[in-house]
Asks: 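What follows is a structure written as C-alpha cells; I'll ask about it next.
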Amino acid sequence: MCLEIGTVESCYQCTSGREWPNRNEELKSIEFSDLPKRFDVNERELHWRDRWNELGVANRDPNAPRENSFVIDSPPPTVSGSLHIGHIFSYTHQDLLARYKRMTGWNVAYPMGWDDNGLPTERRVQNYFFVRAERNVTYIENLDVEAKRAELGLKKNQELVINRENFIELCRVITEMDEIVFKDMFNRMGYSIDWSDEYTTIDAKSRRIAQRSFLDLHEKGHVYQLESPTMWDVDFQTAVAQAEVEDREKGGAYHDIEFGVFEEEAPVKSFVISTTRPELLAACVGITAHPDDERFKGLFGKHAVTPGFFAKVPIFPSSEADPEKGTGILMVCTFGDQTDVAWWHEQGLELRQILGRNGRILDHKFGEDGWESQNPEKANENYQEMVGKRIPSAKSIMVDLMRDPENSATGNGAPLQDEPKQIQHPVRYFEKGDNPLEYLTTRQWFVKLLDKTDQMIDMGRKIDWHPDFMRKRFENWTENLNVDWCISRQRYFGVPIPVWYPLDEQLEPQYDQAIIATADMLPVDPESTAAPGYSEHQRGVAGGFSGEPDIFDTWFTSSLSPQTVARWGDDDDQMDTLFPMDVRPQGHDIIRTWAFYTIAKSMLHHETVPWRNINLSGWVLDPDRKKMSKSKGNVVTPVDTLDRFGADAVRYWSASFKLGSDAAHDEAIFKIGGKLVTKLYNAGKFVLAQTAEDGPITNELDLAFVAELKEVVRIATESFEKFEYSVALQETEKFFWGAFADNYIELLKRRSRSEDDPEGRASAVATLRLGLNVVLRLFAPIVPTIADEVWSWVFAEETGEPSVHKAAWPTVAELDAIPSPEIAGSFSAACDAISAIRKAKSESGVSLNRELLSLVLEADDEGESGLRLVLDDVAAAGGAEAISFVSGTPSGDWRYKAQIEPAEAPEKK
RNA sequence: GGGCGGUUAGCUCAGUUGGCUAGAGCGCGUCGUUGACAUCGACGAGGUCACAGGUUCAAGUCCUGUACCGCCCA
C-alpha cells in the first residue's frame with residue numbers, strides 16, 4: 001500500500017511489477033492516465049536502447065555518396081582497465097554531433113574501434129595472470145595458466161614464463177573481456193555507434209592496413225632503419241618515441257669529480273667536472289666546455305684522464321656547454337642524454353656502452369680495443385664491482401670509489417670533491433615507465449618526419465581546430481621535433497613489422513638487405529611465415545633468413561583509424577565514401593601523438609588532410625580542480641553516477657561544457673540534468689493531455705510564441721553547426737524552461753480548456769503541441785531517452801516517425817508556414833506582464849492562483865499597446881476578469897507594475 | 001626558459017563582430033501550491049567583471065604591462 005497515493009496499482013514506485021504502457025509497436029498514442037507518476041530513468045533507458053537497435057537508428061547506408069556522408073573518426077579507447085568519467089565526457093561530445101547530423105539528413109558514419117595492442121594490455125595481462133613472455137620458450141597448446149602454475153609448483157610470487165604466442169593469446173582474452181564491458185557502457189550512455197563498423201587495432205584488418213602503410217612508406221622512401229643511440233626504457237625493454245617521453249622533476253645530486261689532464265710525463269694539471277650521473281664515469285669518452293670560457297681555453301685539444309678508469313679522452317669546445325651549469329666543464333658519456341648523443345656523433349668519439357638493455361651494467365675489459373686505459377688493472381678492478389648492478393647501486397659504488405685517493409687521476413687525493421650537492425632537476429621518463437630513460441645503441445625502424453615539419457604545419461592549417469588555439473600546441477610540437485618517429489618496439493602484443501633479413505654464413509642478419517613483405521601476404525607475421533623466396537626450413541640457418549621480431553609502435557596502427565574504417569586498399573568504394581573524414585574528436589592530451597601521427601600518415605600516404613575538423617574535448621577535473629588520474633586515486637567511475645542520475649543527466653553535464661574547456665566533476669550539474677528530464681516528462685504529459693478540434697494557429701500570443709521558437713531553432717542550429725552544442729543546449733533549455741513551461745503554458749491554461757472559444761482553444765492546443773514537438777527535437781541529441789519517450793506518446797503516430805532520432809531536425813523554414821504575429825513583442829510583453837502580476841501577489845503574500853477582483857497595470861503607452869492583442873490570456877493567467885491600465889513611467893526594473901485586489905481566499909478543505 | 005588558456009555573484013559557468021540597466025543554474029532569504037511538475041512555482045538579496053595604464057562617444061569585450069591559477073613544451 002502506498003501512503004502517498006493510496007492504491008498499490010497507481011503508484012509506480014511501489015510496484016516494480018507494473019509495466020509501462022506498451023505503445024511503440026504500432027506507433028499508437030497512449031492514454032495519459034496510464035503513465036506512471038514518475039519517470040523511471042534506468043528502466044526506460046533499457047527499453048529505448050533495445051528500441052533504437054530494432055529501428056537501426058545508428059545504422060549508416062554504406063552506399064550513400066561522399067557528399068551526403070558525415071564521417072566521424074571516433075577514438076578507439078585503450079581497452080585496459082576501466083572507463084572513467086573522462087571517457088564518458090568526451091565520447092558524449094561525439095554522440096551529440098552524430099545524432100544532430102543524422103537528424104539534419106546526413107548519412108552519419110560513427111564507427112568504433114578498440115585499441116587493444118600495446119603496453120597497457122601487456123601490463124594488464126602480466127598482472128592478471130601473473131605471467132611473463134620470453135623468447136625461446138615452448139608454445140603450449142590450450143594453455144591453462146592456473147593448471148600450469150600448479151603443475152610447476154609455482155609460488156604466489158613467481159611469474160609463469162610463457163611463449164610469445166601464448167602471451168598474445170592471453171592478451172586477446174583480456175581485451176575481449178574489456179571490450180564487452182566498454183560496449184555495455186557505451187550502449188548505456190545511448191551512444192549511437194554503428195557497430196557494423198567495429199574494429200580492433202589487433203584484428204586482421206588493422207594489421208593488414210598497418211603493414212600496408214609500412215609497405216607504402218617504404219616504397220616512397222619515408223622509412224629507414226638505423227643502429228644508433230635511442231631512448232630506451234629499461235623496464236619494458238623497448239625503444240620509445242619522442243612523443244611518449246615526459247619530463248619529471250626529480251631529486252638528484254651534483255657530484256664534483258676531479259679529472260687529470262694528460263701530459264707525456266705524469267698528469268699534473270687537473271680540473272673538476274660536475275655530474276649528476278657519476279655511474280657513467282666508465283662510459284666517459286670526452287670532455288667539453290664552452291669555447292669562450294677563459295677557465296678552460298687552454299685545455300681544448302688536449303686529453304683528459306678519467307679517475308678510477310684512467311681512460312684518455314679528448315677535450316673539445318662546444319657552444320652547447322653551459323658555463324653557468326655545475327663547474328662549467330663536463331664529461332661526455334655514451335650516453336647520459338641527448339646532447340651526449342649529439343657530441344658523440346659530431347666528434348666521432350668512442351662508443352663505450354656500459355648499460356645493458358635490462359638496465360644493468362655490462363661486463364667489459366679495460367685495456368682492450370676501444371677500452372684503453374692508462375692503468376687497466378685498476379680500471380678493471382673498479383669496473384668489476386659494478387658489473388651486473390642497476391643504476392642506483394652502481395651510482396653508490398662509484399661514489400665510494402671516488403672517495404678513494406687511489407683512484408685519483410692526479411695524485412691529489414680523493415677525486416670526489418666535497419659531498420654531493422642535492423638538486424631538483426627534470427629527468428626524462430617514458431610516460432608509462434617508472435625508471436628514467438636511457439640512451440642505448442640499438443637497431444630501430446624510423447619514419448622520416450624531421451625533413452617535413454613545414455609540410456606538417458601546412459597540413460595542420462588546412463584543418464579547422466575547435467577551439468582554434470589548440471592548433472598552437474600542434475605547431476609548437478611539430479616545430480620542436482628533434483628525432484624522427486621511432487616505430488619499432490621490442491614487445492609482443494602488437495602488429496609485426498613485415499620484414500625479414502637474410503642470414504650470412506655466421507648467422508648474422510644482413511640488415512641492409514631487408515626483405516619487405518609483398519602486398520598479397522598481408523597481414524603477415526615474419527616470425528611464423530617464411531620470407532618471400534624462402535621456405536620455412538631456411539629459418540635461422542646459414543644462408544637462410546630470420547624474421548623481424550619487433551612490432552610497431554601502437555600509434556603506428558591507431559594513426560590509421562581513418563584508413564582502417566575506410567578500408568584503405570581493401571575496398572575502394574568505402575575509401576571514396578569515407579575518406580577524408582569530417583571530424584576527429586579527441587582529447588587535447590594526445591595532440592602530439594594521435595592527431596600528429598594521423599596527420600602525418602595521411603600526408604605521406606594520400607597527400608591530404610585526414611579530416612576537415614578536429615574537436616578537442618577537455619578533461620574532467622575532480623572537485624579540487626585536479627586532473628583525474630589513476631595515480632592520484634581521484635578517478636570517478638561512471639557506473640555509480642549513471643545509476644543515480646541516468647544517462648540523460650550525465651549527457652546533459654557533458655553537453656554543458658564547450659570544446660577544449662576542462663570540466664569539474666560536479667554533482668550539482670548531474671542533478672540539474674536530472675531535473676530537466678523530469679520537467680520534460682511532466683510538461684510533455686501536460687501538453688499532450690490538452691485536446692481540441694484541429695484548427696490553425698491564429699491567436700496573437702500563439703503566433704508570437706512561435707516567432708520566439710523560430711529564433712531558438714535558428715540559434716541552436718547555428719551553434720550545432722559550429723560544434724558549439726553547449727550554446728544550443730543553453731538556448732533550448734532557457735526557452736523550454738522559461739518561455740515554454742513557466743510562461744507560455746501558464747498563460748494558456750485557461751484558453752486551452754475553454755469551452756466557449758473553440759477557435760482560440762484549437763490555436764492554443766496546436767501551438768502547445770508544435771512547441772513541444774520542436775523542443776523535443778532540439779533536445780533529442782542531448783537527452784535522447786526522455787526526448788524519445790515523450791515523442792513516442794503522440795508524435796510518433798502523428799508523424800509516422802517511430803523515433804525522434806529518425807525525425808528531421810527542426811528548421812526555421814518549417815516554421816515559416818505560420819504567420820508572424822501582428823505585434824513583434826506580444827509574447828515578451830505578456831511574460832513581463834504576468835511577472836508583474838506574480839510579483840504583486842508574491843509581495844502581498846497571496847497565492848499565485850488566487851482570483852483577483854481587480855487588476856490594474858501601470859505602463860506607458862508603448863507597454864499598453866504591446867499587450868493589446870494578448871490581454872485576455874494575461875488576465876486569465878493572472879486570475880482576473882479584465883485588465884485596466886494607468887499610465888506610469890517604466891524603469892530598468894519594470895515595464896509593467898501591477899496593482900491587485902485579491903478575492904477572498906477559498907476555504908481550505 | 002618558450003608557448004597557450006583562464007581570472008565575471010558564496011559556488012559552477014554564459015556573455016557571439018565593443019553598444020541600452022552584466023546573465024543562468026546551484027546555494028541563500030521570503031512567500032506560495034489539492035489540476036503537468038515538491039525532482040515544484042513565484043519573488044528577492046547578492047558583482048569595483050584580478051590589478052594598473054591606454055584606444056574610443058562608448059570597454060567584461062580591443063591594446064600594453066603586472067599578479068595569480070592551470071596546461072603544453074624545453
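Protein chains get the first letters and strands the later ones, always in sequence-line order, with residue 1 at the start of each.
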Asks: Under 4.0 Å, counting only non-hydrogen atoms across every strand here, what does R753(A) touch: a base, just sugar-phosphate, or nothing?
Replies: sugar-phosphate

Asks: Quote, to the nearest angstrom, the P distance that separates U61(B) from A22(B).
Replies: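 Going atom to atom, P in each nucleotide, I get 15 Å.
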
Asks: Nearest whole angstrom, please: distance from the P of A42(B) to the CD of E843(A).
Replies: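 So the CD-P distance, E843(A) to A42(B), works out to 15 Å.
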
Asks: How far, in whole Å, is G10(B) from C28(B) if one measures between their P atoms?
Replies: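 After rounding to an integer number of Å, I get 15 Å for this pair.
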
Asks: Keeping the roles fixed (side chain from S654(A), backbone from R651(A)), state whether a donor-acceptor pair exists under 3.5 Å.
Replies: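 No, because the side chain of S654(A) does not come within donor-acceptor range (under 3.5 Å) of the backbone of R651(A).
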
Asks: Using ring centroids (six-membered ring only for Trp), state whether Y725(A) and Y100(A) fall under 6.0 Å.
Replies: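 They do not qualify: ring centres at least 6.0 Å apart.
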
Asks: Which heavy-atom pair separates V790(A) from L688(A) by the least distance, and what is that distance?
Replies: O-CD1, 4.1 Å

Asks: Classify K749(A) by what it touches in the nucleic acid, base, sugar-phosphate, or nothing, heavy-atom distance under 4.0 Å.
Replies: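 Base contact.
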
Asks: F686(A) side chain: which of U39(B), C72(B), A36(B) is closest?
Replies: A36(B)

Asks: Taking the same atom, C1', in G44(B) and in G35(B), what whole-Å distance lies between them?
Replies: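 About 28 Å, rounded to a whole number of Å.
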
Asks: When all nucleic acid strands are considered with a 4.0 Å heavy-atom cut-off, which category describes S656(A): base, sugar-phosphate, or nothing?
Replies: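 Since no nucleic acid heavy atom lies under 4.0 Å of S656(A), the category is nothing.
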
Asks: Hunt down any stem RNA chain B takes part in, defined as 3 or more consecutive Watson-Crick or G-U pairs whose two distances are each under 3.5 Å.
Replies: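 Listed by first number, the stems are B:1-7 with B:67-73, B:10-13 with B:23-26, B:28-32 with B:40-44, B:50-54 with B:62-66.
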
Asks: Taking the side chain of K839(A) as heavy atoms from C-beta outward, which of C43(B), G41(B), U12(B) is closest to it?
Replies: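 Of the options given, the side chain of K839(A) lies nearest C43(B).
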
Asks: Please state how far atom CZ in R248(A) lies from atom C1' in C72(B), giving the value in whole angstrom units.
Replies: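 After rounding, the gap between these two atoms is 16 Å.
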
Asks: Rounded to whole Å, please give me the gap between CZ in R592(A) and C1' in C72(B).
Replies: 8 Å

Asks: Compare the minimum distances between each of A36(B), C73(B), A14(B) and the side chain of K658(A), then state the nucleotide with the smallest one.
Replies: A14(B)

Asks: When the distance from CG of L680(A) to P of U39(B) is rounded to whole Å, what number comes out?
Replies: 17 Å

Asks: Rounding to an integer number of angstrom, what distance separates A67(B) and A24(B) when you compare their P atoms?
Replies: 36 Å

Asks: Assign a letter to each nucleotide of nucleotides 17-25 of chain B from its 5' end: B, base within under 4.0 Å of a protein heavy atom; S, sugar-phosphate only; -, no contact.
Replies: ----B---S

Asks: Check every strand shown and say whether D247(A) touches a base, only sugar-phosphate, or nothing at a heavy-atom separation below 4.0 Å.
Replies: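 D247(A): base contact, heavy atoms under 4.0 Å.
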
Asks: Please confirm whether the backbone N or O of L450(A) pairs with a side-chain atom of D484(A), one donor and one acceptor, at under 3.5 Å?
Replies: yes

Asks: If you assign N849(A) and S842(A) each to the RNA chain B nucleotide with the nearest heavy atom, which residue ends up on the more 5' nucleotide?
Replies: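 Upstream on the strand: N849(A).
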
Asks: Assign each of L848(A) and E249(A) to its nearest nucleotide of RNA chain B by heavy atoms, then name whichever residue's nucleotide is nearer the 5' end.
Replies: L848(A)

Asks: Between W653(A) and H665(A), what is the ring plane arrangement, given parallel below 30°, perpendicular above 60°, and tilted in between?
Replies: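 Rings of W653(A) and H665(A): perpendicular, as their planes differ by over 60°.
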
Asks: Determine whether the aromatic ring centres of F740(A) and F705(A) lie less than 6.0 Å apart.
Replies: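 Ring centres of F705(A) and F740(A) closer than 6.0 Å.
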
Asks: Going through the distances and angles, do W619(A) and F89(A) end up as a ring pair (Phe, Tyr, Trp, His ring centres under 6.0 Å)?
Replies: CA-CA 8 Å; W619(A) 285 330; F89(A) 181 69; over 10 Å; no

Asks: Counting any heavy atom closer than 4.0 Å, what does A741(A) reach on the DNA or RNA strands: base, sugar-phosphate only, or nothing?
Replies: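 Base contact.
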
Asks: Side-chain contact, heavy-atom cut-off 4.5 Å: L709(A) with F735(A)?
Replies: yes

Asks: Flag the pair F335(A) / Y439(A) as yes when their ring centroid distance falls below 6.0 Å, and as no otherwise.
Replies: no

Asks: Does the ring center of W793(A) lie less than 6.0 Å from the ring center of Y681(A)?
Replies: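 When the ring centroids of W793(A) and Y681(A) are compared, they turn out to be within the sub-6.0 Å range.
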
Asks: Could you give the distance separating A59(B) and C20(B) at their P atoms, to the nearest angstrom?
Replies: 12 Å

Asks: Please check the phosphate of A42(B) (OP1 and OP2 only) for any side-chain N or O of S835(A) closer than 4.0 Å.
Replies: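 Looking at the OP1 and OP2 atoms of A42(B), neither is under 4.0 Å from any side-chain N or O of S835(A).
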
Asks: NZ of K472(A) versus P of C72(B): gap in Å, rounded?
Replies: 18 Å

Asks: Mind checking E746(A) for me? I need base, sugar-phosphate or nothing, with any heavy atom below 4.0 Å counting as a touch.
Replies: base

Asks: Of the nucleotides A36(B), U12(B), A74(B), which one has an atom closest to the side chain of I745(A)?
Replies: A36(B)

Asks: Looking at R428(A), is its backbone amide N or carbonyl O close enough to the side chain of E246(A) to form a donor-acceptor pair, meaning the two atoms are under 3.5 Å apart?
Replies: no

Asks: Please measure how far the P atom in U66(B) lies from the corresponding atom in U30(B), and state the result in whole Å.
Replies: 49 Å

Asks: Would you indicate which nucleotide in G44(B), G3(B), C4(B) comes nearest to any side-chain atom of F469(A)?
Replies: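 Nearest to the side-chain atoms of F469(A), counting from C-beta on, is C4(B).
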
Asks: Which atom names give the shortest non-hydrogen contact between W737(A) and L676(A), and what distance separates them?
Replies: CZ3-CA, 3.6 Å

Asks: Measuring only the C1' atom in each nucleotide, how far is G1(B) from C51(B)? A whole number of Å is fine.
Replies: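 Result for the C1' pair: 25 Å, nearest Å.
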
Asks: So what does T678(A) hit on the nucleic acid, given a heavy-atom distance under 4.0 Å: a base, only sugar-phosphate, or nothing?
Replies: base

Asks: What's the closest nucleotide to the side chain of W619(A) if the choices are G32(B), A42(B), C72(B)?
Replies: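 Among G32(B), A42(B), C72(B), the one nearest the side chain of W619(A) is C72(B).
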
Asks: For the residue pair Y597(A) and W485(A), categorise the inter-ring angle as parallel (less than 30°), tilted (30 to 60°) or perpendicular (more than 60°).
Replies: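 Correct class here is parallel.
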
Asks: Between U21(B) and G60(B), how many Å separate the two C1' atoms, rounded to a whole number?
Replies: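 Approximately 15 Å lies between the C1' atom of U21(B) and that of G60(B).
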
Asks: Let me know the distance between CG of N476(A) and P of C73(B), rounded to the nearest Å.
Replies: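 Rounded to the whole Å, the gap is 10 Å.
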
Asks: Checking all strands, does W737(A) fall into the base, sugar-phosphate, or nothing category for heavy-atom contacts under 4.0 angstrom?
Replies: sugar-phosphate

Asks: Regarding Q242(A), tell me which of base, sugar-phosphate or nothing describes its non-hydrogen contacts under 4.0 Å with the strands shown.
Replies: sugar-phosphate

Asks: Find the distance R850(A):CZ to A42(B):P and express it as a whole number of Å.
Replies: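 Roughly 19 Å, once rounded to whole Å.
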
Asks: What's the closest nucleotide to the side chain of D742(A) if the choices are A14(B), U12(B), A42(B)?
Replies: A42(B)

Asks: Hey, does the side-chain of K679(A) have a donor or acceptor N/O within less than 3.5 Å of a partner on the base of C37(B)?
Replies: yes

Asks: Roughly how many Å is it from CG in N743(A) to P in C43(B), rounded to a whole number?
Replies: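 Rounded to whole Å, this separation is 8 Å.
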
